[in-house]
S.K.: 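Take this structure first; my questions come after.
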Amino acid sequence: MVCCSDSVTEYVQTIKDLSCEVLDHMAQGLRLPDKSLSCLIKDDDNDSCFRVNHYPPFDDNNNIENSINYPLVEFREHCDPHIITILRSNDMGGLQIYSKDNPWISVPPRPAEFCVFVGEALQVLTNKRFLSVKHRVLANFRKQSRISMMNLTWGEYKKLVFSRRLRDQRLEFFELP
Ligand SMILES: O=C(O)CCC(=O)C(=O)O
Ligand SMILES: [Fe+2]
């Protein structure tokens, strides 16, 4: 068992409440029964996990041209596999999201705001009414560390998915013929 300071415990609880609130709005928008999505993450012993990522400064002045042509990826592109992610970072950029029309859009770092990612499990549960977005983190020209922290729901599900090496094919099982 990991013991955290009171402020971390309080932060995690607040983020969990926020995740539930977002899921309740989604359920309402889809005309689903009240709390039908948030109940999935509400139990006190649910397996949500809190993670802090640290990306050290990176300032490759000697290799600027190369870095423009080949962006240095620190966290490779992926969709979060679980239900919902609530992410917050310091004021260092690097996070990008993928869109078919405009590949790799930079997400401005705004420490006072949260970034919400729909997870693949939520995409499947809502029959693609909400889509999980691919994202990655670049290293290029970061003068100071980027720190991000996120609360990930269904931590055990994520572990299971990756341990089974389903990886890129994992959503194919849910596609209708
Ligand atoms: O650190 C970030 O900004 C993103 C990290 C991320 O996508 C993840 O941990 O799943
Ligand atoms: Fe992610």
Side-chain angles (χ1 to χ4, degrees), residues 2 4 7-9 11-23 26 37 40-41 46-60 67 70-100 102-126 128-172 174:
V2 180
C4 299
S7 46
V8 172
T9 308
Y11 181 79
V12 170
Q13 185 55 49
T14 306
I15 293 298
K16 193 176 154 192
D17 294 345
L18 179 62
S19 308
C20 289
E21 212 177 311
V22 172
L23 288 171
M26 288 174 155
L37 296 175
L40 297 169
I41 62 164
N46 85 88
D47 62 357
S48 299
C49 63
F50 177 63
R51 187 160 73 201
V52 179
N53 291 341
H54 172 244
Y55 307 88
F58 184 90
D59 184 12
D60 191 358
S67 298
Y70 303 100
L72 286 162
V73 178
E74 274 193 305
F75 199 134
R76 90 175 180 95
E77 64 184 68
H78 65 284
C79 285
D80 292 343
H82 35 256
I83 295 197
I84 196 166
T85 304
I86 306 269
L87 179 148
R88 193 173 163 209
S89 75
N90 66 352
D91 58 359
M92 280 296 119
L95 180 62
Q96 293 190 318
I97 54 172
Y98 184 83
S99 131
K100 243 196 285 167
N102 189 2
W104 299 122
I105 302 164
S106 293
V107 178
R110 298 207 175 108
E113 293 174 13
F114 294 106
C115 176
V116 178
F117 285 124
V118 168
E120 289 171 341
L122 188 57
Q123 171 173 314
V124 169
L125 283 167
T126 62
K128 289 194 176 168
R129 303 280 193 90
F130 287 103
L131 293 174
S132 185
V133 69
K134 221 188 267 177
H135 51 282
R136 69 181 184 184
V137 179
L138 293 189
N140 295 31
F141 318 125
R142 191 183 304 117
K143 301 262 191 294
Q144 292 164 31
S145 290
R146 171 180 169 83
I147 307 225
S148 63
M149 46 192 189
M150 63 225 74
N151 204 56
L152 312 155
T153 52
W154 278 16
E156 288 304 315
Y157 171 73
K158 179 174 184 180
K159 246 194 259 166
L160 185 74
V161 165
F162 282 92
S163 68
R164 296 287 161 91
R165 300 189 182 279
L166 288 170
R167 292 188 183 262
D168 296 338
Q169 295 83 38
R170 59 186 178 259
L171 286 183
E172 287 173 15
F174 299 99

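In each ligand, atom 1 is the first atom listed, and ligand 1 is the first ligand listed. Quick caveat, the model's predicted, so the values are computed rather than measured.
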S.K.: Would a distance-only check, ignoring hydrogens and angles, find a side-chain to backbone donor-acceptor pair under 3.5 Å from E77 to K134?
M.R.: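 Not a single qualifying donor-acceptor pair exists.
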S.K.: Using a heavy-atom cut-off of under 4.0 Å, does the side chain or the backbone of F117 touch ligand 1, or both, or neither?
M.R.: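 Neither; no heavy atom under 4.0 Å.
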S.K.: Report, in ascending order of atom number, the atoms of ligand 1 lying under 4.0 Å from any heavy atom of L87.
M.R.: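 Heavy-atom distances to L87 below 4.0 Å select 2 (C), 3 (O), 4 (C).
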S.K.: Please find out if the Fe ion (ligand 2) and some N, O or S atom of H135 are separated by less than 2.8 Å.
M.R.: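 Looking at H135, which is the residue asked about, there is an N, O or S atom under 2.8 Å from the Fe ion (ligand 2).
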S.K.: Nearest 0.5 angstrom please: R88 CZ to I15 CD1, how far?
M.R.: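 The distance works out to 7.5 Å.
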S.K.: Closest N/O/S atom of D80 to the Fe ion (ligand 2), by atom name?
M.R.: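 Sorting the N, O and S atoms of D80 by distance to the Fe ion (ligand 2) puts OD1 first.
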S.K.: With a 4.0 Å heavy-atom cut-off (strictly under), which part of T85 contacts ligand 1: side chain, backbone, both or neither?
M.R.: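 It is neither; nothing of T85 touches ligand 1.
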S.K.: Please could you name the atoms of ligand 1 that V137 approaches to less than 4.0 Å, counting only its heavy atoms?
M.R.: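 Near V137, meaning under 4.0 Å from one of its heavy atoms, ligand 1 has 1 (O), 2 (C), 3 (O), 4 (C).
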S.K.: Against heavy atoms of H78, which atoms of ligand 1 measure under 4.0 Å?
M.R.: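 Near H78, the atoms of ligand 1 are 6 (C), 7 (O), 8 (C), 10 (O).
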S.K.: L40 and side chain to side chain contact (heavy atoms under 4.5 Å, CB included): which partner among I84, L125, L122?
M.R.: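 The side chain to side chain contact (heavy atoms under 4.5 Å, CB included) with L40 is passed solely by L125 among I84, L125, L122.
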S.K.: Which atoms of ligand 1 are found less than 4.0 Å from any heavy atom of R51?
M.R.: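 Atoms satisfying the 4.0 Å criterion: 8 (C), 9 (O), 10 (O).
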S.K.: Going by the order shown, which atoms of ligand 1 are within less than 4.0 Å of some heavy atom of R146?
M.R.: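 Result: 2 (C), 3 (O).
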S.K.: Any idea which atoms of ligand 1 are less than 4.0 Å away from a heavy-atom of S148?
M.R.: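 Under 4.0 Å from S148, ligand 1 has these atoms: 1 (O), 2 (C), 3 (O).
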S.K.: Of all the heavy-atom pairs spanning V52 and F50, show the shortest one and how long it is.
M.R.: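 Heavy atoms only, the tightest pair is CG2-CE2, 3.9 Å.
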S.K.: Taking only heavy atoms of N53 into account, list the atoms of ligand 1 that are under 4.0 Å away from them.
M.R.: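 Once the distances to N53 are compared, the set is 1 (O), 5 (C), 9 (O).
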S.K.: Do any N or O atoms from the side chain of R136 and from the backbone of Q96 form a donor-acceptor pair under 3.5 angstrom?
M.R.: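 No.
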S.K.: Are any non-hydrogen side-chain atoms of C20 and I41 less than 4.5 angstrom apart?
M.R.: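 C20 reaches I41 side chain to side chain.
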S.K.: Do the ring planes of W104 and Y98 sit parallel (below 30°), tilted (30 to 60°) or perpendicular (above 60°)?
M.R.: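 Aromatic pair W104/Y98 classed perpendicular.
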S.K.: Going by heavy atoms, is R136 under 4.0 Å from ligand 1?
M.R.: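 Judged by the 4.0 Å heavy-atom criterion, R136 does not count as contacting ligand 1.
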S.K.: Measuring only between side-chain heavy atoms, which start at C-beta, is K143 closer than 4.5 Å to P57?
M.R.: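 A side-chain contact under 4.5 Å is absent here.
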S.K.: Which distance, rounded to the nearest 0.5 Å, do you find between the CE of M149 and the CG of N53?
M.R.: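 Between atom CE of M149 and atom CG of N53 there are 11.5 Å.
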S.K.: Which atoms from ligand 1 have a heavy atom of Y55 less than 4.0 Å away?
M.R.: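 Numbered from 1, ligand 1 contributes 1 (O), 2 (C), 4 (C), 5 (C).
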